[in-house]
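Order of the sequence lines sets the chain letters (A, B, ...), proteins ahead of strands, with each chain counted from 1.
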Protein chains: 2
Amino acid sequence: MQIASKFTVAVHIITCIDVFGEQMRVTSDFLSGSTGVNAVIIRNVLAQLRSAGIVNTRQGSGGAHLAKALNEITLYDVYMAVECVDNDEGLFHFHENPNAKCPVGRNIHKVMDGRLTAVQAAMENELKSVTLAEIVEDTKKIISEE
Amino acid sequence: MQIASKFTVAVHIITCIDVFGEQMRVTSDFLSGSTGVNAVIIRNVLAQLRSAGIVNTRQGSGGAHLAKALNEITLYDVYMAVECVDNDEGLFHFHENPNAKCPVGRNIHKVMDGRLTAVQAAMENELKSVTLAEIVEDTKKIISEE
DNA sequence: AAAGCTGTAACAATCTTTGTTTCAACTTTC
DNA sequence: GAAAGTTGAAACAAAGATTGTTACAGCTTT
């Protein structure tokens, strides 16, 4: 089981906006071409990024723009924006009907929950440690060396 | 998107084997009752735990037993045993067809891969830091205080 | 007014997880 | 050795999530 590709698509989108945004209109069609992902999916992801205050889009005129400086956007922000993991449910799917009549069944949740939360937090902290500025910088560097 | 519940089921199973194993046969039917999960699923998980050298099972006689000391089993071992995440694919599902004709499309993988691996490693290290001995100890403590 | 783009809904296709049915093979007990 | 209880495993169904597709209303610019 994997985290939905909307996350990597979102990072790809933001990178494209910064790399190409000054010289052209970055439309959902263009992004669809660069990512290989359907334009409607792109618009959905853009809508989620917009809700999170990461990008701006407008009907009619077309073209997405960044709403924040790249060094103020972390991978965690993007991850949360596209909601690959439901915040209520958490990263781990717990089996839903442990038997309350069994001593283990009625207590396993209590024992596990804190630890599963810690595991999820470890992952999220690592995501918080990377900014999109780094991602875009690396990308531009590689492009310039090609 | 979530990590399959087979993982929490597996932890539940191991806990039951230790808690109840001395006084009764811990069969797939019993585990099905305690977890609320279908007995065939339980047998599948047991088969994966057996392949990983964590438990022993036998046809006919019935009843699962631990093949290792609890302090030698970490949550990571269980997680890997049940293969909730494909080892080849990784935790993050990358969009599969970025456009090689686009400078961003043909380099985004290079830029992201190392960082995604680091995020996954952070999660896995946290899983490695918890042993089943702790889980079972906590569970027994709670049961004794009920 | 025309062209191009976004926003969004509805539906289909695909994949994964989980459940169900079924039956062969094995062990213990009578 | 027969019966009962159990595991191992295959095949298929059910349910849910992701991704793709189609369609169209609404906005902006020219």
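- Considering only side-chain N and O atoms, S28(B) lies nowhere under 4.0 angstrom from the phosphate OP1 or OP2 of dT6(D).
- Residue pairs meeting the side chain to side chain donor-acceptor pair (under 3.5 Å) criterion with at least one member in residues 11-24 of chain A, sequence neighbours excluded, are H12(A)-S34(A), H12(A)-H95(B), D18(A)-K140(A).
- The nearest whole Å value for the distance from the CD atom in Q2(B) to the P atom in dA15(D) is 19 Å.
- Put simply, T27(B) has no side-chain N or O that comes within less than 4.0 Å of OP1 or OP2 on dG5(D).
- The side chain to side chain contact (heavy atoms under 4.5 Å, CB included) check on A122(B) picks up E126(A), with sequence neighbours excluded.
- In this structure, A121(A) has no side chain to side chain contact (heavy atoms under 4.5 Å, CB included) partners at least two apart in sequence or on a different chain.
- Residue pairs meeting the ring-ring contact (aromatic ring centres under 6.0 Å, His included) criterion with at least one member in residues 22-41 of chain B, sequence neighbours excluded, are F20(B)-F30(B).
- Between the NE2 atom of H93(A) and the C1' atom of dT16(C) there is a distance of 12 Å, rounded to whole Å.
- For the pair H95(A) NE2 and dT18(C) P, the computed distance is 11 Å after rounding to whole Å.
- One atom, CD of E96(A), and another, C1' of dG16(D), lie 11 Å apart when rounded to the nearest Å.
- Every residue two or more places apart in sequence or in another chain that forms a side chain to side chain contact (heavy atoms under 4.5 Å, CB included) with A100(B) is listed here: R106(B).
- DNA chain D is contacted by no residue of residues 99-109 of chain A, taking any non-hydrogen atom closer than 4.0 Å.
- Qualifying side-chain hydrogen bond (donor to acceptor under 3.5 Å, both in side chains) partners for T139(A), counting only residues two or more places apart in sequence or in other chains: none.
- Residues passing the ring pair (Phe, Tyr, Trp, His ring centres under 6.0 Å) test with H109(A) are F94(A), sequence neighbours excluded.
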Anything under 3.5 Å between a donor and an acceptor, one on a side chain of residues 51-60 of chain A, the other on a protein residue two or more places apart or in another chain? List them.
{"unit_1": "S51(A)", "atom_1": "OG", "unit_2": "A47(A)", "atom_2": "O", "d": "3.1"}
{"unit_1": "T57(A)", "atom_1": "OG1", "unit_2": "R50(A)", "atom_2": "NE", "d": "2.9"}

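- I108(B) and P98(B) get closest at one heavy-atom pair: CG2-CB, 4.4 Å.
- Using a 4.0 Å cutoff on non-hydrogen atoms, the parts of residues 37-52 of chain B near DNA chain D are V40(B), R43(B), R50(B), ordered by number.
- A ring-ring contact (aromatic ring centres under 6.0 Å, His included) check over residues 116-136 of chain B, counting only residues at least two apart or in different chains, returns nothing.
- Here the C1' atom of nucleotide dG8(D) and the CG atom of L31(B) are 16 Å apart, to the nearest Å.
- The distance from atom CZ of F94(B) to atom P of dT18(D) is 18 Å, rounded to the nearest whole Å.
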Check nucleotides 27-30 of chain C for protein N or O atoms closer than 3.5 Å to its own N or O atoms and list the pairs.
{"unit_1": "dT27(C)", "atom_1": "O3'", "unit_2": "R58(B)", "atom_2": "NH2", "d": "3.4"}

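- The pair K141(A)-E137(A) does not meet the salt-bridge criterion, since no charged nitrogen lies less than 4.0 angstrom from a carboxylate oxygen.
- The separation between I3(A) atom CD1 and dT16(C) atom P is 16 Å, rounded to whole Å.
- Straight-line distance from the CZ atom of F30(B) to the P atom of dG5(D): 18 Å, rounded to whole Å.
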